[in-house]
Every structure is written in C-alpha cells, then in structure tokens.
Amino acid sequence: MEYDFRAIENNWRKFWAANKTFKVTEDTSKPKYYVLDMFPYPSGAGLHVGHPLGYIASDIYARYKRLQGYNVLHPMGYDSFGLPAEQYAIQTGQHPALTTEENIARYRDQLDKIGFSFDWDREVRTSSPEYYKWTQWIFKQLFDSWYNPKTNKAESIDTLIAIFEFQGSSGVELVILTGDIEKDVMPFSAEEWKAFSEKKKLEILMNFRLAYLGESYVNWCSALGTVLANDEVVNGVSERGGHPVERKLMKQWSMRITAFAQRLLDGLGTIDWSESIKETQRNWIGRSEGASIRFSVLGHEHSIEVFTTRPDTVFGVSFVTLAPEHELVEKITTESHKNEVLSYVEKAKNRSERERQADVNTISGVFTGAYVKHPFTNEKVPVWVGDYVLVGYGTGAVMAVPAHDERDFKFAKHFGLSCKQVILPSTEHNIQEAAWTEKEGKIINSDFLNDLTVKDAIRKAIEQITSNGFGKGRVNYRLRDAVFGRQRYWGEPIPIYYKDEVPYGIKEVDLPLTLPEVDKYLPTEDGEPPLARASNWKHENQFEYELSTMPGWAGSSWYFLRYLDPKNENEFVGRDKVEYWKNVDLYIGGSEHATGHLLYARFWTKFLFDRGLISFDEPFQKMINQGMILGRSSFVYLVIGENKFVSYSLKDNFICAPIHVDISMVDNDKLNIEAFRNWRPDYKDAEFICEEDGSYICGNEVEKMSKSKYNVQTPDELVEKFGADTLRMYEMFLGPLEQTKPWDTKGINGVHNFLRKLWRLFHDSESKVSISNEAPTKESLKTLHKTIKKMTDDLDRFSFNTGVSNFMICVNELTEQKCNNKQILTELIIMLSPYAPHISEELWVKLGKQPGTISTAQFPLFNEEHLAESSFDYPVSFNGKMRFKVNLSLSLSPKEIEVEVLKMDESSKWLEGKTPKKVIIVPGKIVNIVV
RNA sequence: GCGGAUGUGGUGAAAUUGGUAGACACGCCAGACUUAGGAUCUGGUGCCGAGAGGUGUGCGGGUUCGAGUCCCUCCAUCCGCACCA
C-alpha cells in the first residue's frame, strides 16, 4: 500500500473527533501542563500559512508533554468581538453575530484539517453571552474595588468606605492615582462623610474605583466614531484603518492600570518571556525617578507643580513651562498677555496628534506674563507656555534648565532666555553651543549642592526639597490609564445603569446584560453610540443603561481562565479548577500584542489575585513569539505601452513595469501562460517574450502576505496537495520558530519525501507491511538513541526545526541499515507522533497497537549505553587548522594519544622537521599541535 | 536619539558549554532505473585553484593552543519607543 495521506488523515481526524481523544479533565495523579495559543479573531479572510505556525508548534509541544506523562490542557477559542464584523454589518445590514458565526465555521474547518489536539469541548467565544456574562462580572469587581496604596493591593471599595466612616479622609494619606496628577482628596471628617448625600458619596468613591468614569484626555477618532486606547493609536493614526486621531477631553470609562504600574514592571522579572517583549513593556510603563517641586505663582494662591528627573539642576532653573492644556494657564496669564496666550493655546489644541508629532523640531511658545518664585533662591522665574510640554506626562509642567536639557536649551536660545550653568562637565564641552545633559560632572553655582557629584546632588536635593516642604521625591510612569469605553455596537455592553445621573453597577443576578437589537449599527443622529438605537432598553424599565461597549481587549484579558471551566454558570471559573490548572505554562503567539493584550491580561490577573479569586498573579509563565511568515510574490513584466510581457532574464532589454501575478499560476517561477491569459480579459491576447526553452520565468520578491499582492498561501491547498503531516513538519522545518522567515513552497517536497521514506521503512518492495520481531541491531539502537537524545534536547529548548532534521537523519540511517525492526520503529513512531500525528497513528496500528493509544504512549527514554564507543575519530589540528583525522581508542591517556599522533607520517609532513611547542589533547574531542 | 534583535554557501538553515564551520533540506551538476512519478537510487556541490594547497561565518582589532561562539570599535537590516522633562 502506498502512502495515501488523504485517506489516512481523513480517517484519523474522524477517529479523534468521535473518540474525543484529546478531551481532558483534572487528574491529580498527574502533573498538569497548560499550553495555550493566542486565540484568533475570526476574520472573513480565513487562515493563511502564517497563522497556524504557532499553533503547530504549541500542538507539538502539547503532544510531547502528554507523552511525558503530563495532564495537558490545550484549548482553543475565538476572540469574536471586533471591528471588521461591525463594519461589514454597517455596509450590509447583516448582524455581526451572523458574520462571526460564519467566519468561525470556516476557521474551525481550516483548523481541523491540520490535526490539532485541541480539547474542543472547552471552546470559548468572547461574543457569546455565556462568556461575556463573566467579562461583565469582572468589570463589576473592578468597579467595586479600589487600590489601597498602604497594603499595595486592590481591595473591595467597602474597605475604603469603612476608612471614611471611621476617620474621614483627614490624617490619612490618600491619593487618587489618576495617573496624571496626584490630587489630594478634598478633606472631610467621618461625620461629614456620614452626612454626605448618596450622590456625593458615590462621586467621591468614583475617584478611587479601578473601573471608573472620569474626565481625561482621550484619543478620539472621528472617522471610527469612537475613542481608542493608547496602544490602538500608531503614529498618530488609528491602528485599524489609519484614520486621524485627536486628543479630546471627554468623560469616559477607564481602567486604573496605572495603580499596578510598579507591579507590572516588577513582575517582568519573574516570567520567562523574550527580552524584547519585556523591554517593550518596560518602555511602555516608562518608570522614571525624580522629584516633584512646587513653584508658587507670584500674586496668586496657586502653585505650579513640576516633575523633574534632575532635581540636582534646580539652581539652574531659568523659566517654567506649562503645557498648553494645563489648567493654570488660563488662571495665571496676565491681562496684557491674554490674547497672545489664548490664541496660542487654541492653535495647539486644534492640532492633531499626528501634526504635533510630525512637527517636533519647530519651537513654539508664548510668555504668560506671570512669574513664580524659585523655592531656594526666591528669584523671579518667568512662566511660559510651550507645546513641547505634554499635558499627559508628569504634571504637565517642567522647570526649564537650558544649560542641562536639550529642549530647554533650544527653547531658551529661540526666545533669548537666560541660561545658568550648574554642572561642570567631566569632559571637554562648550556649554554655549549645546546643553550638557550627561549625569556626569561636579555641581557648581548651587549653594548647598556645590561640589557634589550629580548622583549625590540628586539625593541631597530631594532631601532638602522634602524637608523644606517644597515637594518630594517621586516616581513617575509614562503608562496612562486605559480608556475602556467604545462607542460601538459589537462588544460587551458595560454593565452600568444611571440613576439620578450617577452610575450604578448591575447586580450579578441580572447578568449578562445582553446586546440589544438595533435597526442600524451606526451612531444616532445626535452622535450617541449605536446602543442608543435600542428601543425599550432600560434597566428595570426606567433607568438608562450605559451606551458604550467594552474594547476588544476586555474578553481576551481573562479567556485563559475560562478554558479551565468553560461551562460554569455560577462562577467565572471554579475554585478547584483554577487551583488545579493554575496559570499558563507555555503561551505562544505574535509579539504585536506587547503593549496591548499582554499588558492588560497581566493587569487583570494581578487584580483577580489581589481580590483572592485566583492564586497566582502572572497569567503566562513562559511565552514564545512566533515570527512572521512572509510571502513570496511573483511578478510578470509588462512592456510599457504594449500588451506584451517579457520573461525575467530578458526584462532589462525593455522598459517594463513589474506586475504582481497570482502565485497559483506560477510553478517554480514558471508562469502558466494559459492560466494567466484567462486571469483578466486584458491579458487574453497578450504576447509573451519567453526564454530560449519557451518558458516564461517570473521574478520574485519577499514581502508581507496579502491579498493585494496575490502571494497568499493557504494551508488548505497544501493539505490537499501534500497532507497535514507534511504541512506541519514543513512549517517547523522552515527555520527557528521566533524568526521572521520567507515562505517558499519549493522545499516542501523534501519533507513530503521524508514521510514517504519513513513509510517505506515499514513496507517491503511490494508495498506490503513488513516488520521484523527480532532483536534490534547495535547499529540501529545507536541510531535510535542518538535520535531520542537529540529530540528530547531540541523539544526542551523549543528547537522545532532541528527536530525535523533529526528525524530525517534517523530515517536515512535506518534505511541504509535496512532496519524494519519492531522495537526500533515503535519508539521512533512515538517520537514522531507530535510532529506528524496522522501517519504515526496509522503506522502505530500497523505495528499491532491499539488505535488511538499512541497519544498516551510513553516518550522513549534515552539510554547512554547504546551510544558507548570504544574509539573516536580524532581531528588533528596544526596551529588550530584541522589537517587529518585518526581513529584512536578512547581508553588512551592524553600522553599515549600524543605519542600515537606524533609518530604518524601525516604529522611529520605538517611538522616540517620541527618539534612541536605544545600539544593540546582534549580526550574524545580534539588534538591540536602548536608548531 | 534610546532600547531590543539579527547578520554564516545559489536558497531555508545547523553548530546547546570556545574544540572537525556549512548538519538536514531545497536548488543545481553528472549518472542509473522506469510501472514517466512533483517517483526512486548513486555520486558531486562554500569560494579560488588543474593539483598540492590557499581561503572562508557583515568590516577592523583583541583574548586564546584553538573564536561563528568571549571582549572592543565600526557597518548594515529589522522591530519597539520617542519633544517623557
């Protein structure tokens, strides 16, 4: 029987589905292992060969762990809320749920063809009410929680109420961590608190909730009609669609992720992720240490608080700059400067993010006419407004030290402001030409800081600032609170209703708050979100619901927990389940989620941990980011002005333009001219200038896979042509998992031929099964155990590509040995089954085993004895260059080896009569002779 | 500008701790076979050279008996962040 992969794969797919081979339950007799893929958004385009790359790797690892005796959880689901389905709905009127359903069916079909060992009974879909009930429930927990800076964890809002009832806010160092400016709470006593109206109490509490409604600058995208989180804005335009984004002061639901900034940073030290992702998260969190200093405004009760990382340069301050949006700008500007300042602020506000970013080199600003008092010298310091100061970072105000900050320097030069040097540079430097920004040198002109090093001066300055009450040491984070509301239809409704304009959380028994039906998926005429179109949609038939929905990352921030207990109707996850499975051991997915999903999931996990709902505070212990697979585009060359195409090698003789041609019409760079003619009516009568052999050769280029480049390779076609096992192995064989690599179908034959060669090991020349029951030869045992060792090592370090070549070497050797030994082949096939499960199942049965039991067989154990050698082919080097080899017994001592080697004819040739200066012998490795 | 990663044949790549550079494949060359199959088998294939041999892991230096691997300088490519005080 020939290797009929279509029949084989079809049979085993059915077998696994019918027998639920990969269904898994908690089993305390086995250690657990949780292997997770980033679940896909089911888009209308379906999967291309790049998508399953990570799934194949995780599936191999999951199967490997099963063979090692672990109880492996390996689930799959869909991140099924999202923009494309909604936009399709706007265009066609088709309900997004329907589109989503269809896309999921297609995805499932594609995934099934590749033979993954998912436990499909655990599938989750973020858009199903059974799932989002619990997304809403977690939102409500966040709404009902605050971050206690004293205990450094999230607590129930009740503990805050208890504090207020007991002692009010006075005497308690309570801060609102808005992430922007720390404001002291309006002081009140316990008695006052108790006397406040319910509305007033709730307003105060809103300042503390982890999910809160607050006014802040948000990214508003008018083209999409919604706000966006920072990670959804790339280079000043929306990540999806590339629409312009502006900053707008709006009341929005937000998540107080900033409260967790330090723990999100610290946690990175405890998880096994790539350095680049960890670094990206560190950048995103952007911790910087320094001080906040208050400068009191002359003639006002106000004071300006600045944040600086260089308190050592405080004596070098020559002006203070406010961001145009800073709330004090309006209040302190003097009458004579009002017009100028207001028009500057107006102009700055109307500039989009993108314009502002594109224009970083233009210096602009305006004097307010106001002055502040320098806290130490009491000198008058002018206050300016400048758009190089960002309202969202630090306090939105800076103390400008032109001598030691590049931007301050440029600003001062541009406006002719004074400049005072306070650090003596440690190397040659002209302070007139550029700022000295290094943290090196000696402090001068600075009273009590004089003669200190920068490092010591920073410490001393903070000390003095604090003891004089001018400010304090402060850690600042770049991280902003995450905007959580979206003015869209296809997302989880935020479980909030309004009574007397105050938001209330919906009671748990009333969840889920399901998406209402609407007539259109567009905003209303008055600019309200689509949910405003729902008729009779009121809480208890009288209270308005919140009309925003949750962002895409809500459902994906906790889905890994729902897999543990997907059908639980009473809890988001059962206590016993989460205690058994705990967090994800291995997470595989793309690195594009570094500052989005991966940060939010960590945040929610830490929150759930604090609230005692789970027992770990990092979701993904180890993560591997698979690289992108690039497409290989093919080109034909159209002679300009003619309907004539010229072959690749002749194209330079003409003036021609390359045109993308569908790769399905190209085989090994050779164009199928007939297919091309039929592609487009214009090409029907085209002329072709071919190579000498009459073929038309296409050019090619490696670029991102996309429909418009006609270079998309779908897994379905390849499964049809070569089988799933070949596709799985080939995707792994392509190169290291984490690397970006070009897709090239040419090499797939090599892997396919390997599987055929393997098949032949089990069959005789008449294609009949032929397996020997005799004892294996020493040689075959050596081949086998060499492979066991390499396979184990390679899988343990996720080197899937070298794993494939190990199998090739093994099968090549066994073929040479004409080995059809049952024992050898059995162990080989167990090792192969994670990579090529279908053929392995088939051959397993041919070896006389029970169908389906290979997935729970025991992974072969390496026995060193079979590799024992009595001699070794020593490479002999002269001055580090390998010259010849000599086979010597491994029992020889270094001295004996030296004698043996030196008396050889080959040696005397290279010694040229000289005596060796030195002979290095590493037993079992190398001989090096220094002449 | 800051940070991260990567540079090895015609191509994808391998070399886990410093120890035979290019495993395994693709492609190509030569040959065999034939039930003409994206089949199988044999041999060859880094570069220069007829050969002996020389040379070779982005460039230049260093450490070492020995460097793709460690250290320093530089170059190139990709990714992330960026007026962040």
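We use all heavy atoms of the structure for the numbers below, so side chains are in, but hydrogens, waters and symmetry mates are not. Letters A, B, ... mirror the listed sequences (proteins, then strands); counts begin at 1.
Note on ring orientation: taking the six-membered ring where Trp is involved, the planes of Phe5(A) and His752(A) are perpendicular (angle over 60°, cut-offs 30° and 60°). Ring planes of His429(A) and Trp436(A): perpendicular class, angle over 60° (limits at 30 and 60°). By the 30° and 60° cut-offs, the orientation of the rings of Phe807(A) relative to Tyr835(A) is perpendicular. The aromatic rings of Phe411(A) and Phe415(A) sit tilted, their planes meeting at an angle between 30° and 60°.
Within the nucleic acid shown, Lys789(A) has no heavy atom closer than 4.0 Å to any nucleic acid atom. At a threshold of 4.0 angstrom between heavy atoms, the contacts of Arg760(A) are confined to the sugar-phosphate backbone, with no base atom among them. Ile920(A) comes within 4.0 angstrom of a nucleotide base, judged by non-hydrogen atoms across all strands. Among the heavy atoms of the strands lying under 4.0 Å from Lys885(A) is at least one base atom, whether or not backbone atoms are also near. Here Asp793(A) lies in heavy-atom contact (under 4.0 Å) with a base. Contacts of Trp910(A) with the nucleic acid, taken as non-hydrogen atoms under 4.0 Å apart, involve only primed sugar atoms and P, OP1 or OP2. Asn801(A) comes within 4.0 angstrom of the backbone, heavy atoms only, and of no base. Contact annotation for Ser276(A): backbone-only contact, meaning every heavy-atom pair under 4.0 Å involves sugar-phosphate atoms and none involves a base. Among the heavy atoms of the strands lying under 4.0 Å from Gln739(A) are primed sugar atoms or P, OP1, OP2 only; no base atom is included.
For the pair Arg632(A) CZ and U11(B) P, the interatomic distance rounds to 12 Å; values are reported in whole Å. In this structure, Met808(A) atom CE and G12(B) atom P are separated by 17 Å, rounded to whole Å. Rounded to whole Å, the distance from CG on Leu755(A) to P on A25(B) is 13 Å. In this structure, the CZ atom of Phe733(A) is 8 Å from the C1' atom of C26(B), given to the nearest Å. C24(B) atom C1' lies 12 Å from atom NZ of Lys786(A), rounded to whole Å. Rounded to whole Å, the distance from CG on Leu737(A) to C1' on A13(B) is 15 Å.
Remark: the separation of the P atoms in G22(B) and G56(B) is 15 Å, to the nearest Å. The gap from the P atom of G68(B) to that of C75(B) amounts to 23 Å, rounded to the nearest Å. With C1' as the reference atom, A14(B) and G7(B) are 16 Å apart, rounded to whole Å. Rounded to a whole angstrom, the distance from the C1' atom of A82(B) to that of U11(B) is 38 Å. To the nearest whole angstrom, the two P atoms, one in G31(B) and one in G37(B), are 22 Å apart. If you take atom C1' in C74(B) and the same atom in G61(B), they sit 10 Å apart, rounded to whole Å. Nucleotides G1(B) and U8(B) have their C1' atoms positioned 32 Å apart, rounded to a whole Å. For A67(B) and G18(B), the C1' atoms lie 6 Å apart once the distance is rounded to whole Å.
Nearest to the side chain of Asn753(A), among U16(B), C65(B), A39(B), sits A39(B). Comparing atom distances between the Met882(A) side chain and each of A21(B), G4(B), C65(B) picks out A21(B) as nearest.
From Leu892(A), atom CG reaches atom OG of Ser871(A) across 10.0 Å, with rounding to the nearest 0.5 Å. Note that CG of Leu727(A) is 12.5 Å distant from CD of Glu720(A), once rounded to the nearest 0.5 Å.
You won't find any donor-acceptor pair under 3.5 Å spanning the side chain of Lys881(A) and the base of G66(B), going by distance alone.
Considering only side-chain N and O atoms, Asn879(A) lies nowhere under 4.0 angstrom from the phosphate OP1 or OP2 of C65(B). In terms of phosphate contacts, Arg883(A) brings a side-chain nitrogen or oxygen within less than 4.0 Å of OP1 or OP2 of G54(B). At G27(B), none of the side-chain N or O atoms of Lys746(A) fall inside 4.0 Å of OP1 or OP2 (strictly under the cut-off). Contact between the side-chain N/O atoms of Asn812(A) and the OP1/OP2 oxygens of A25(B) is found at a separation under 4.0 Å.
Applying side-chain contact (heavy atoms from CB on, under 4.5 Å) to Ile271(A) and the options Arg602(A), Met623(A), Lys622(A) leaves one that passes, Arg602(A). If you run side-chain contact (heavy atoms from CB on, under 4.5 Å) between Tyr730(A) and each of Ile56(A), Val49(A), Thr745(A), Ile748(A), only Ile748(A) comes through.
A cation-pi geometry, defined here as NZ or CZ lying under 6.0 Å from the six-membered ring centre and within 45° of its normal, does not hold between Arg632(A) and Trp743(A).
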The dot-bracket string of RNA chain B, counting Watson-Crick and G-U wobble pairs with both distances under 3.5 Å, using [ ] for crossing pairs and | for pairs to another strand, is (((((((..(((......[....)))((((((.......))))))(((....)))..(.(((..]....))).))))))))....
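In G9(B) the O4'-C1'-N dihedral to the base is within 90° of 0, which defines a syn nucleotide.
Side chain to side chain, Asp794(A) and Thr802(A) meet the donor-acceptor criterion of an N or O pair below 3.5 Å.
Nearest-nucleotide mapping onto RNA chain B: of Pro736(A) and Asp744(A), the residue sitting toward the 5' end is Asp744(A).
A salt bridge does not link Lys789(A) with Glu864(A): every distance from a Lys NZ or Arg NE/NH1/NH2 to an Asp or Glu carboxylate oxygen is 4.0 Å or more.
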For nucleotides 76-85 of chain B, 5' to 3', base contacts (B), sugar-phosphate-only contacts (S) and non-contacts (-) with protein non-hydrogen atoms under 4.0 Å give ----BSSBBB
